[in-house]
Structures are given as structure tokens and as C-alpha cells.
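When a ligand or atom number is given, it counts from 1 through the structure's own listing order. Values below: every heavy atom of this structure, side chains too, minus hydrogens, waters and symmetry copies.
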Amino acid sequence: MRKLPFLIVAGSFTAVVAAGAGAWHFFGPAGAQTSAKADKGELTTASIDTRAPKSNSTAPAEPPPRVQAVAAAPAAAPIPAAPAVEKRPAIAKPVCNNPNALGVSRTVQIDTTGGPGLGMSQYRDYDFLQPGEVVLTFDDGPWPVTTPAVLAALSAQCVQAVFFPIGKHATWHPAVLKQVIAAGHSVGTHTWSHQNLASKTPQEAKDEIERGISAITLMAGQPLSPFFRFPQLRQNAELKAYLAERNIAAFSIDIDSEDFRIHNAGKLVASVMEKLKKKGKGIILMHDLHKWSAAAVPDLLAQLKAGGYKVVHIRAKDTLPTIASYDAAIAAELQPVKTSNARPISNVIQTVD
Ligand SMILES: [Zn+2]
């Protein structure tokens with residue numbers, strides 16, 4: 001039997017939370033991309049771009065935060081493994097004021113060296129959950145209102161989850177991303193713009209992965225967990241090998257809430273609980289982008305508690321280094337558009353001859 005690379009973590013963690021920076025937006029994405037692929041009904045790039053903040057939104061108040069000690073590798077070179085020093089993601093240890101809370105029953109720490117796969121629907125390497133144990137995961141944020149609602153519901157029951165934000169969304173709503181981090185959840189990544197990577201060239205797919213990592217790290221203002229989830233769970237062997245090179249764990253799922261099609265909180269909870277009853281345990285996939293999903297979380301947690309289920313939190317042993325060339329490209333793209341206070345060009349410069 002293969003030796004599990006997990007350590008059970010006990011004790012408390014030092015709270016090291018980046019001070020919240022002011023909200024910062026950039027002005028909309030460059031040209032809208034189109035995608036006809038919506039194989040699983042999940043988000044497409046096109047739908048992401050339609051949600052881009054409009055250019056008349058609040059002006060940028062400050063430049064993007066600088067990320068220290070993150071970009072460690074030369075351009076495009078895979079990051080070597082085996083960090084010499086502890087580089088665990090900074091984790092806030094939230095105070096739990098609810099004595100009847102569901103709570104986290106145990107926290108597992110994952111050594112992502114070699115890119116292990118988690119979630120039995122695709123990866124069967126590590127069956128680490130005991131009967132009755134669940135892991136809560138939320139994809140496709142950060143998003144205003146819905147992500148904070150999910151955070152409030154998790155906080156009320158003193159549980160932690162793993163979030164897989166989308167790069168573009170993080171650049172639009174960095175303050176929400178910071179709330180997720182401040183609440184002590186693990187934050188991985190879910191690409192730059194939620195493309196189906198299996199349909200892309202290797203370079204395009206790599207760019208989607210790394211641009212997402214660099215953008216979310218930049219917006220977070222601190223290194224992330226080396227956790228990744230493929231959009232629509234679409235992958236191939238080459239991409240999985242790339243994650244392995246980068247020492248990033250690939251997260252699949254065990255229980256799909258199917259909140260991309262079940263748009264009712266009550267039905268969503270019932271569906272998850274029914275699947276859980278059959279499987280007995282597993283990594284649950286939800287999306288903090290959807291209002292019905294956010295609305296379902298309080299009741300889902302109540303039913304998990306009533307059903308005797310235990311919430312396991314997953315954290316990473318090490319942080320995820322970004323690649324400097326992608327950091328630079330993202331930072332350059334996200335520079336706020338300077339509002340010119342010059343007079344209209346025709347008032348100043350005229351063709352006279
Ligand atoms: Zn997704």
C-alpha cells in the first residue's frame with residue numbers, strides 16, 4: 001500500500017493575515033473571447049467576460065499590491081521541489097464562538113510534491129477520508145455578495161473549506177479574495193479564465209494555469225496553496241504531468257452538488273445529502289459564485305451536523321511559487337488605465353496643411 005503523504009495537524013496556527021488593501025479594479029478585459037464549449041454546463045469564458053466590471057466603475061485607488069518572495073523561478077522554468085524552509089501558506093485561525101458548531105473534526109496537511117491527485121472520481125491514489133468525513137470545496141469565485149455569504153455560513157459553523165478562484169474574478173474582486181484568505185480557508189487556483197484546458201494546445205493550457213496562479217497570487221498579496229482544479233474537471237495526461245512538475249495537487253471531486261443546474265437551495269441540499277448517503281464520504285464540489293449555492297450552505301452544514309458527518313479541512317504543507325515571467329505579464333496587463341486630463345486632441349493638434 002502506498003504511503004500517504006498526509007500529516008494530521010494538531011494545535012493552533014499563527015495568524016498571519018495580510019492587512020487588507022483597498023479595493024482595486026482594472027478596467028475590463030481586453031477583447032471578449034468566445035467559447036462554444038459548455039460541455040458540463042459550467043461557466044464558459046464568454047460568460048465570465050459578460051460579468052466584467054464596466055469601465056465606469058470606481059477608479060483605481062492604488063496600484064496592485066506587490067508580492068514579495070513569491071516569484072522564485074526563472075522565466076518558464078519549473079520550480080524545483082524540496083523547499084529548504086517552511087513555506088506554509090499563512091493561515092488565519094478563526095475564533096469559534098459557537099459551542100454547538102459543526103466545526104472541523106481534523107485538518108490534514110498535504111505534501112504536494114509530485115502533484116498528487118485527490119478526489120476519487122478521477123484520482124484513486126489517495127483514499128484519505130474516513131467514513132462520514134467530508135471536505136467542502138468552492139469553485140469559481142471570488143464574487144461579491146455570494147462569496148461573503150458562503151464565508152459567513154462557514155464561519156457560523158466554524159468550518160474551513162478549500163476555494164478554487166478564477167484568475168479574472170480575483171482581479172475584479174480582490175477584496176473578496178482577501179476575505180476568503182483572512183477567514184482561514186485554503187485557496188488554490190482554477191485557471192485564468194475557466195477554459196476547457198483539454199481542448200487547448202499545451203502552451204495555451206499552461207498559460208491559462210500560470211496566468212491564473214500569478215493573478216490570484218498578486219491579488220491575494222501572499223502565496224497560495226499548491227492546489228488546482230481543472231475547469232469542468234477536463235484534463236489530460238500531459239496537463240496532469242505539468243502539475244506534477246510544478247508540485248501542484250490536482251483536486252477532483254467525489255460529490256458534485258450539480259449547482260450549475262440545480263438552482264434551488266433546498267433541492268441542492270437534498271441532492272448533496274442523498275449522494276453523500278450513498279458514498280458515505282467525499283470531497284463536495286459547490287460554487288460560491290451562485291446565489292442558490294450560497295443560500296444552501298447554512299442548511300447543508302446543519303444537515304451534515306445532524307447526520308453525524310465530520311468536516312475535514314485540507315491545508316498545504318508548502319506554498320506555491322509563481323513564475324516570474326507570468327507575474328510580470330499579469331502585472332503589466334493589470335496596470336490601471338490612466339485617465340487623461342489633457343484637452344481633447346483636436347483642440348491641441350490640428351492638421352492644417
Ligand atoms: Zn469552475
Peer 1: Which is the closest N/O/S atom of D140 when seen from the Zn ion (ligand 1)?
Peer 2: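 Sorting the N, O and S atoms of D140 by distance to the Zn ion (ligand 1) puts OD1 first.
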Peer 1: The test is ring-ring contact (aromatic ring centres under 6.0 Å, His included); show your working for H190 and H194 and say whether it passes.
Peer 2: CA-CA 7 Å; H190 193 43; H194 210 271; 4.6 Å; yes
Peer 1: Taking everything shown except E238 itself, do over 12 heavy atoms lie less than 6.0 Å from its CD?
Peer 2: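 Counting other residues, nucleotides and ligands, CD of E238 stays at 12 neighbours or fewer.
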Peer 1: Between H287 and the Zn ion (ligand 1), is there a contact where an N/O/S atom of the residue lies under 2.8 Å from the metal?
Peer 2: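 Checking H287: none of its N, O or S atoms is under 2.8 Å.
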Peer 1: For K240 versus A250, what's the shortest heavy-atom pair and its separation?
Peer 2: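 In this case the closest contact between K240 and A250 is CE-CB, 3.8 Å.
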Peer 1: Got a sec, which residues hit side chain to side chain contact (heavy atoms under 4.5 Å, CB included) with N264, two or more places apart in sequence or on another chain?
Peer 2: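 If we apply the side chain to side chain contact (heavy atoms under 4.5 Å, CB included) test to N264, skipping adjacent residues, the hits are K267.
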Peer 1: Can you check the angle at the Zn ion (ligand 1) formed by NE2 of H194 and NE2 of H190? Round it to the nearest 10°.
Peer 2: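 It rounds to 90°.
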